[in-house]
Structures are given as structure tokens and as C-alpha cells.
**Q** 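Would you mind keeping the following structure in view while I ask a few things?
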Protein chains: 2
Amino acid sequence: MASRPSAGSVTIEDVAREAGVSRAAVSKVIRNAYGVSPAMKARVAEAIEKLGYRPSVSARGMRGATFTVGIEIPELSNPFFPKLLAGATAALSGSPYQLIIAPADPEHGEGYRAIQALVDRQVDGVIAVSPLVDPEWLEALAANVPVVMIGRHDRSDKYDAVVSDDEEGARQVMRHLLDLGHRDIAHLTPAAGFAGIGSGAPQAIRVDAYRDAMQEAGLGDRIRVVRSPNGAPESRRVALGLLAEPDRPTAVFASHDEPALGVLHAVADAGLTAADVSVAGYDDIEIAAHPGISLTTVDQHGERMGRLAAELLLERIAGRAEPRHEVVRPELVVRASTRPPRPRGGAARLRAVGGT
Amino acid sequence: MASRPSAGSVTIEDVAREAGVSRAAVSKVIRNAYGVSPAMKARVAEAIEKLGYRPSVSARGMRGATFTVGIEIPELSNPFFPKLLAGATAALSGSPYQLIIAPADPEHGEGYRAIQALVDRQVDGVIAVSPLVDPEWLEALAANVPVVMIGRHDRSDKYDAVVSDDEEGARQVMRHLLDLGHRDIAHLTPAAGFAGIGSGAPQAIRVDAYRDAMQEAGLGDRIRVVRSPNGAPESRRVALGLLAEPDRPTAVFASHDEPALGVLHAVADAGLTAADVSVAGYDDIEIAAHPGISLTTVDQHGERMGRLAAELLLERIAGRAEPRHEVVRPELVVRASTRPPRPRGGAARLRAVGGT
DNA sequence: ATGAAAGCGCTAACAA
DNA sequence: TTGTTAGCGCTTTCAT
């Protein structure tokens, strides 16, 4: 690949001298700006190649663009977010823009720091996945740099948004469970203090859809919203408690796949199977399709969302002024983790029947 | 959190004016450099707060440090890498350094571009996970910026390394399988052209350890190294072919957990179970412990490796000159995916007995 | 302990 | 089409 790494040693000045032209000329060539003769272009290109010149992004940032777009991500350990990144990376692949990722430090909630860090580094645009940062803060931010938010249901005419129809997705899950015949359906969602919880956040929308669906099915008195810290182990523990209750639910709808895995684990811990308790998740992470897991879930099309976000950002950087708000339609994926509830009868819990 | 986002509008000049001091004074305060009276420090701090000043990283980068460390990662979709990131993030959490991640664009193999992008952005140090980039290129790089490589077995006195003892890890797996009584053990490893393959890379070391272990066990004639493109689906396909062979192996040792999941999938596809074919992986990603998967694997202590890498980098940035090469000891984790082979006998394959 | 001034590498007017 | 020049916001000697 590149003959050898450059670390700022050779400057535009050196290239200019080597090629016998002015610095401005070199500058124009590297940005392929208007008004350079093919001849000069060639000579400069040759000098650049020969010297292994790389423009300093810092210096560029002081005047113009850095050709960098930043994306802030809450947690990489949840496989849904890498999907977003894959999409964004793909969309940027042809462009002159380099993607850098700033992980939101879990110690310092909700991404403010990470987003600010990106802006401090003069990125030309920001993609962020922070459902709870203050809208006013975001608008102030977006006044200075193009911003695309992923997963926010609020509308702004300052920043763009790419969002999944979470109401629709959650309703698809509920319809599926109700159609199977379930009546005791619990919903597992993040505890307060976790990203995703808070009005307007995807998880909150899903909770509402769950409640509404239960209500509309005449099951208002069976609504059961269980809160758990994020992470599969935590959800497993909480689910274990839920399953130990005398009137345990016949189905659990988890707000996303990670906790759903925890619930599946708890089901196994309790010596139960999918025939006893159905489990549904949300996101369709890769492992959900594995026969050992086989989790019914909702495909959010994370990769498409990431790609779309990057595309919108490039448009903004290119000058678009009108805000855009793109809604991606989610899709239910039915697998073996959801089954009809056991037929009526008392001691059904005593015998667990295995099988995929 | 931060009252409102700043986007370069207020400069060090503004702060100096507000506080009635020189720019140099402000500069000293924000770096808490030597020679500032508490009085001035307080006044400046107040002005910074009032104006919401944020130093421009670009401008800083032109003279001194950017307080940014960059990490290059080959693929975020493999859950092992987020472990590394979690460790690095934790180690940096208290420091003034911000972590930015540059994903290696799969289109442009082996991370050269991503690493260069980081250097172009004047990061104060680089952590990279590219087993195959040319050592000379790296040494040239390391001459200009502190570098810590993860997973490289070669030694350099220019850059540091954090590496797992892959030979030992692979040997632990082989010892386990041999102890169980397996003799027909195949090894699944990345096809040429994939990161990880190439001399000195972790995967290559594991292949060698596999061969040696077979040889030493007197099973040299049963050595079977199968190559597959990366990714669970690809490995599943390849494994399906392997399992269809008349003399299919009784155990498959996959070079890491992702392909191991693919093999498990193939085992299920073929209507077989862990009693028919044992499967072992490498990395101990979180899902491996799930009862639906229950994969025997090797814990590389990825989080510790990430933390260590960040610590070494900070030391380098602080001035250490002597190279360091840290080896982390891996640990076998035995789960239900590995069992003793079926007792001798012909039509053993006809009946599949289920289990945990 | 504090400030003045030079300059890092680049881009963007403006002149030629 | 090409070159000249003036900064961008900061850090860093070097005086004071």
C-alpha cells in the first residue's frame, strides 16, 4: 500500500519547492479546485508522490474543511450499533471523507462529551445516536455544524433525523404474540437512567405501543412493564425473578435483543423452554438467527439507517438547508422463540418438553 | 451537562480579553502549565466558564498535542474488538485524552488507510490491530508517533505490543479435545486474503499449534486445515461441506468464535448435535456462554488487552523510550459444545441424542 | 509570574 | 492560469 507513513514532516512548502510552483498551486491541486492546468497538476502530483506528502488535517481545519465526519455511538458492545457503523462506512467509502467514531464514555452519560469532542476536532459533520440529549443543545450545535441524529422521534428544522418506526415495530410484535393466543405478555425495558429511556426515545415509544396494544386487546389489567438495567446478565437476573412469580407471563417482549438473550437464558435457567414462555426481542442482531437462539425479533435495518444517515450528512455538508426526517420501516422476523401458549390447565409448569 | 455546545466561535483571544490577561496566560491555564498564580488561574477559569470556551484541537495540533489517541480496528462486527475498545476506553477515562476509533474500511485491506488517517489527524498516539501491516512501515510510523500494536507476535524496539499467547491458547484447546478422546480434529481458519492470516498473525500461530499438537499426538496423517472466508455465514457453508464428507471429523477447532458459531449452525443444519461433532472456538465472546450456544472457547481477556494497550500508550506519550512487549495468558473455558467422541461403531450417525 | 511576538501548515482572497 | 499575502487559534521561547 502506501510506500511509507508520513507524519507531518513534509509540508506543502516542500512540495511547492520540489515542483517549482507556489504553495497555493499545490493547495489547489490537492483539493482539485478550479483553475489548474493539467501540466501543473501532473508536476505537483509527481512531487507529492515523490515526497510522500500528506496534508495536515489540523492545518486544514484552521481554514477550511477537515474531510472528517464524526459519529457518536453509545455502546459498541450491543451488536446493533456496529450495523449502523457498517452502513455509514459503506456510504462514505467512495467519498473523500474519513469516518471517526467517538464512543460515549459510559461514565459520562448521554454522549455530550463525545459529541463535543468531535466538534472540538473540527469534524465537517456529526452523526449521533443519543436519544436523550437536550433538543435545544442539539439545535445550537446544528447551527454550527451539520448534524444527523439517529433514532430520534422529535422533529427539528436544524438537524436531520433517521428514525425507525418504533411504534409500528412494537405493534407488529404485539400483534404476533396476541395472534398466537398470548394474554399474559410482559414487557422488559431499560431502567431509568439508561439511554433509550425518556420520552421520545425509541424504547419509550415501544413501551407505549405495548401498553396501547394490551389496552386495545382488552388486557389493560394484565399490563406488566418490567424495568432492568441494560445488558444481558442484568436482564437475565430480572427475568429470573419474573419467571419465579406464581402468575408468570406466558410471553415476554424485550425492548431489544440483548435483554431478550438474557430472558432466554433465564428461561433455560428456570428449566423452561419456548413452549412455556415465548420471548421476542427487537433489532435482529446476527445471533438471533442462530438455531441455538432462534429469537423472534424486529429487523430495524440498522445498516440501511447508517447508510442513510451518512448520505443525509453528505447532502448537508454539500449545502442543503431544508431539514429531512427519514423514517425506516421495521420488519417482524418470526422464529422459534415464540409459540402459542400452552393450552389451559394447572400443572403445566411441571413438565418441560424440549425441542427447537 | 455542558451548558451549550461550542463550535469554535469563542477563541483564546476572547477569553484573554474577558479575563484581562494575555493569550499566553490563558494557554498556560488550560494546560495547567507551570507558572500561574492561583489568582490568575481563577479569573481565567471564570472567563472560560462564562464564555463557554473550548480550545480548538486543530490549532493545538499545529504546535503541541491534540490530546487525542486513535485506535484502528479491523471489524466492529466481531464482538471481540468491542472488548478491546471497552478496555481502552476505561483506561483513558481518567486521563485528558479522548479516544477516537478509525474502522479499517474492508474495501481497503489491512488498516493502512485508517492508521494513516489517524496520523493525518495528529493524534498523540496510535493503537492498532493490524497483524499484517509491514513491520518496516510500522517502524517508520513509530519513529514519529507512539504506537502500540495489539496481537502482533513480532518484536520491535520502535513500537510496543500487547499480545496473547496464541500458541498456548491453541494448545489448551487441542489438549482438551485430545483428552476427551478425539482423534479426527479439523481446524478451521481464515482463507488467504483475510486479516489474521499471514506469518506472525495470531491465526497463523494457532494453525501451527494445531499442527504441532496433532503431530505430537501421532495424528500427523489426520491433520486437516480448512480455510474459509471470515464471517459466520461463510464458515457455516464451508463447515456444511466438511460435515458432509464420509470421514467427517469428530471435532472442529475454529480459529475464533465467529466461525465457530457458523460451525455450530452447520452442525444443526446437518441434523447433528454436540454428541456427534464437538466444536471449539477462540475469544470467548459473550454469547458463547449462552445456554443455547454453550461454546468451548479460549478467553483472550480482550478487555485487559485493550486496557494494557492504552496504558502502554500513555507511558509512551509521557516519554518512555524502551520498548515493551506484554504477553497476556489466555484461558480455556470448557462448555457443552465439546464432548467425548461417540464410542466406536458403525452407524453411530443415525441416531442423534439431544442435550444441553 | 506575566506578556509580546513569532510561527505551526494550510486556504482564500486578491493581484498579476 | 498562477503567485502573493494575510491570517486561522494556538503554543512557545524570550523578555520583562
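All values below come from the heavy atoms of this structure, side chains included, with hydrogens, waters and symmetry mates left out. First the proteins, then the strands, lettered A, B, ... as listed; each starts at 1. Since this is a predicted model, take the numbers as computed values, not measurements.
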**Q** Base, sugar-phosphate alone, or nothing: which one does A/Arg31 contact when heavy atoms must sit under 4.0 Å apart?
**A** sugar-phosphate

**Q** Going by atom types alone, do A/Ser58 and B/Arg121 pair a side-chain donor with an acceptor below 3.5 Å?
**A** no

**Q** By nearest atom, which of the nucleotides C/dA4, C/dA12, C/dT11 is closest to the B/Ala24 side chain?
**A** C/dA4

**Q** Counting side-chain heavy atoms from CB outward, which of C/dG3, C/dT11, D/dC10 is closest to B/Lys28?
**A** C/dG3

**Q** Distance check, rounded to the nearest 0.5 Å: B/Ile71 atom CD1 versus B/Leu313 atom CG?
**A** 9.5 Å

**Q** Looking only at the side chains, is there a donor atom on one of B/Arg31 and B/Ser27 sitting less than 3.5 Å from an acceptor on the other?
**A** yes

**Q** Roughly, in whole Å, what's the span from CG in A/Leu51 to C1' in C/dG9?
**A** 15 Å

**Q** Rounded to whole Å, please give me the gap between CG in B/Asp14 and C1' in D/dC8.
**A** 13 Å

**Q** Expressed in angstrom and rounded to an integer, what is the separation of A/Arg60 atom CZ from D/dG9 atom P?
**A** 18 Å

**Q** Of the nucleotides D/dT5, D/dC10, C/dT2, which one has an atom closest to the side chain of B/Met40?
**A** C/dT2

**Q** OP1 or OP2 of C/dG9 versus the side-chain N and O atoms of A/Ser56: is any pair under 4.0 Å?
**A** no

**Q** For the side chain of A/Ser22, starting at C-beta, report the closest nucleotide among D/dT4, C/dC10, D/dT11.
**A** D/dT4

**Q** Anything under 30° is parallel, anything over 60° is perpendicular, the rest tilted; go ahead and classify A/Tyr112 against A/Trp137.
**A** perpendicular

**Q** For the side chain of B/Arg63, counting heavy atoms from C-beta on, which of D/dG3, D/dG7, D/dG9 is nearest?
**A** D/dG9

**Q** Within this structure, what is the CE-to-P distance between A/Met62 and D/dG9, rounded to whole angstrom?
**A** 6 Å

**Q** Determine the contact category for A/Ala25: base if any of its heavy atoms lies under 4.0 Å from a base atom, sugar-phosphate if only primed atoms, P, OP1 or OP2 are that close, otherwise nothing.
**A** sugar-phosphate

**Q** Let me know the distance between CD1 of B/Ile30 and C1' of D/dT12, rounded to the nearest Å.
**A** 13 Å

**Q** Ignoring hydrogens, what is the shortest heavy-atom contact between B/Asp124 and B/Ile317? Give both atom names and the distance.
**A** O-CG1, 3.5 Å

**Q** Between C/dT2, D/dC10, C/dT11, spot the one nearest the side chain of B/Ser37, thanks.
**A** C/dT2

**Q** Could you pick out which residue, A/Pro55 or B/Ala39, lies toward the 5' side of DNA chain C when each is mapped onto its nearest nucleotide?
**A** B/Ala39

**Q** From D/dC10, C/dT11, C/dA1, pick the nucleotide closest to the side chain of B/Ile12?
**A** D/dC10

**Q** How long is the line joining CD of B/Glu13 and C1' of C/dG3, in whole Å?
**A** 13 Å

**Q** What is the separation between atom OH on A/Tyr34 and atom P on C/dA12, rounded to the nearest whole Å?
**A** 17 Å

**Q** Give the rounded distance in Å between these two atoms: CZ of A/Arg23 and P of C/dA12.
**A** 14 Å

